[in-house]
Novice: 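Just dropping this structure here.
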Amino acid sequence: MASMDEAIEKAAVHLAGAARVAVLSGAGISSESGIPTFRGAGGLWEQHRAEDLATPAAFSRDPELVWRWYDWRRGLCAKANPNAAHVIVAAIEKAVPEFLLVTQNVDGLHRRAGSAAMIELHGSIWRGRCTACAHRFDLTVVPLPTLPPLCPLCGGPARPDVVWFGESYDPLLLDNSQRFLKESDVLLVVGTSGMVSVPVYLAEAAAGAGTVVINVNPEASPISRFAAVEIPGRAGAVLPQLWQRACER
Ligand code: NAD
């Protein structure tokens, strides 16, 4: 197996020559900001598993419980700061001619780091969506004064504006993500376990279309099967080194 240093060097060569770059990020990129991944340590909240709360069934059974969990997560996100990996992703966007970030994260840290060309594939915990009229609205206050929050247009109860387990993706967002990733020179995948199958599919389709996939994750994952370069390290340490070397070339 190539050493970490060799892997970063190889990835830097690809990145330095790329005019069109995509990044696909998952919960791992925010773990160094102190936001727990669902499946890692700290994944339990009041004895509930995320998989049992982030579902339409959980919401119809007990909307207040689901909202209390989201409000707890919003509190964690509000206290957290973007880390070096978020900052580098925003720097790459400014430096390359064509760029798109597709994130599975709902925490808003990429935006706070300065990313703008971004698709939030799984939505955002900083928005609510009315269950009556489907109006989307920002939720900036933590904690929320009423649970569930009420729609400012029609007064109906809102749900978090996120994609839950078992729900479909927005087809337009999926289509746009897929098209950009497939036509990219390089796709940097960061902190994605592959337990959610759609992001793996997006990355694999891009690799099949000739995009060079670079995978940054301390653990092997289904992405490792088709990644051209595997960098087995933490995003906050790897991305600054990778970008510095790419810029020096
Ligand atoms: P995930 O499936 O994306 O798994 C996290 C991955 O990150 C794992 O493979 C782990 O090895 C890797 N990882 C951990 N620390 C890392 C680091 N420092 N650098 C690079 N990689 C690292 O996430 P999940 O927790 O299984 O969640 C599934 C779904 O829920 C996804 O949509 C996810 O984005 C979402 N979620 C979002 C947040 C958030 O917005 N921050 C938090 C939890 C879950």
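Whatever order the structure lists them in is the order used to number ligands and atoms, beginning at 1.
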Novice: I need the Ile119 CD1 to Gln178 CD distance, nearest 0.5 Å.
Specialist: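 Here the rounded value is 11.5 Å.
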Novice: Using the rule given for salt bridge (charged side-chain N to carboxylate O under 4.0 Å, His left out), can you reason through Arg49 versus Asp52, listing the C-alpha separation, both sets of side-chain angles and the distance that settles it, and then say yes or no?
Specialist: CA-CA 5 Å; Arg49 294 182 318 145; Asp52 299 331; 3.3 Å; yes
Novice: Looking only at heavy atoms, is any part of Ile35 under 4.0 Å from ligand 1, and if so is it the side chain, the backbone, or both, or is it neither?
Specialist: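 Side chain only.
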Novice: Should Phe180 and Met118 be regarded as members of a common hydrophobic cluster, given that ILVMFWY residues are connected when their side-chain heavy atoms come within less than 4.5 Å of each other, either directly or indirectly?
Specialist: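 No; tracing contacts between hydrophobic side chains, which count when under 4.5 Å, never links both residues.
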Novice: Any heavy atom of Val106 sitting closer than 4.0 Å to ligand 1?
Specialist: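 The answer is yes: ligand 1 sits under 4.0 Å from a heavy atom of Val106.
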Novice: Using heavy atoms and a threshold below 4.0 Å, how should the contact between Gln104 and ligand 1 be classified: side chain, backbone, both, or neither?
Specialist: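 Looking at Gln104 and ligand 1, atoms from backbone and side chain both fall under 4.0 Å.
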Novice: Would Ala27 count as a polar contact of ligand 1, with the cut-off being nitrogen or oxygen pairs under 3.5 Å?
Specialist: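 Yes, at least one N or O pair falls under 3.5 Å.
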Novice: Scan residues 236-248 for pairs that pass salt bridge (Lys or Arg N to Asp or Glu O under 4.0 Å), counting only residues two or more places apart or in two chains.
Specialist: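 Sorted pair list: Asp5-Arg245, Glu9-Arg245.
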Novice: Going by the atom numbers of ligand 1, which of them fall below 4.0 Å from some non-hydrogen atom of Glu219?
Specialist: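 Those atoms are 11 (O).
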Novice: Heavy-atom contacts under 4.0 Å between Ala85 and ligand 1: side chain, backbone, both, or neither?
Specialist: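 It is neither; nothing of Ala85 touches ligand 1.
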Novice: Using distance alone, determine whether Ala235 and ligand 1 share an N or O pair under 3.5 Å.
Specialist: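 N/O-N/O distance below 3.5 Å exists for this pair.
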Novice: With the threshold set at 4.0 Å, does a side-chain nitrogen-carboxylate oxygen contact exist between Arg127 and Glu120?
Specialist: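 Salt bridge: yes.
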Novice: Would you mind listing every salt bridge (Lys or Arg N to Asp or Glu O under 4.0 Å) that reaches into residues 11-38, with sequence neighbours excluded?
Specialist: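 Applying salt bridge (Lys or Arg N to Asp or Glu O under 4.0 Å) to every pair that reaches into residues 11-38, excluding sequence neighbours, yields Arg20-Glu98, Arg20-Glu183, Glu32-Arg234.
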Novice: Non-hydrogen atoms of Ser33 versus ligand 1: any pair closer than 4.0 Å?
Specialist: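 For ligand 1, residue contact (heavy atoms, under 4.0 Å) with Ser33 is absent.
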Novice: Please confirm whether Met195 comes within less than 3.5 Å of ligand 1 when only nitrogen or oxygen atoms on both sides are compared.
Specialist: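 No, since none of the N or O atoms of Met195 sits under 3.5 Å from an N or O of ligand 1.
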Novice: Within the structure, is a non-hydrogen atom of Ser221 found at a distance of less than 4.0 Å from ligand 1?
Specialist: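 Checking ligand 1 against Ser221, which is what was asked, there is no heavy-atom contact under 4.0 Å.
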Novice: Can you tell me how far apart CG (Leu53) and CZ (Arg61) are? Round to the nearest 0.5 Å.
Specialist: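 Reported value, rounded in 0.5 Å steps: 8.5 Å.
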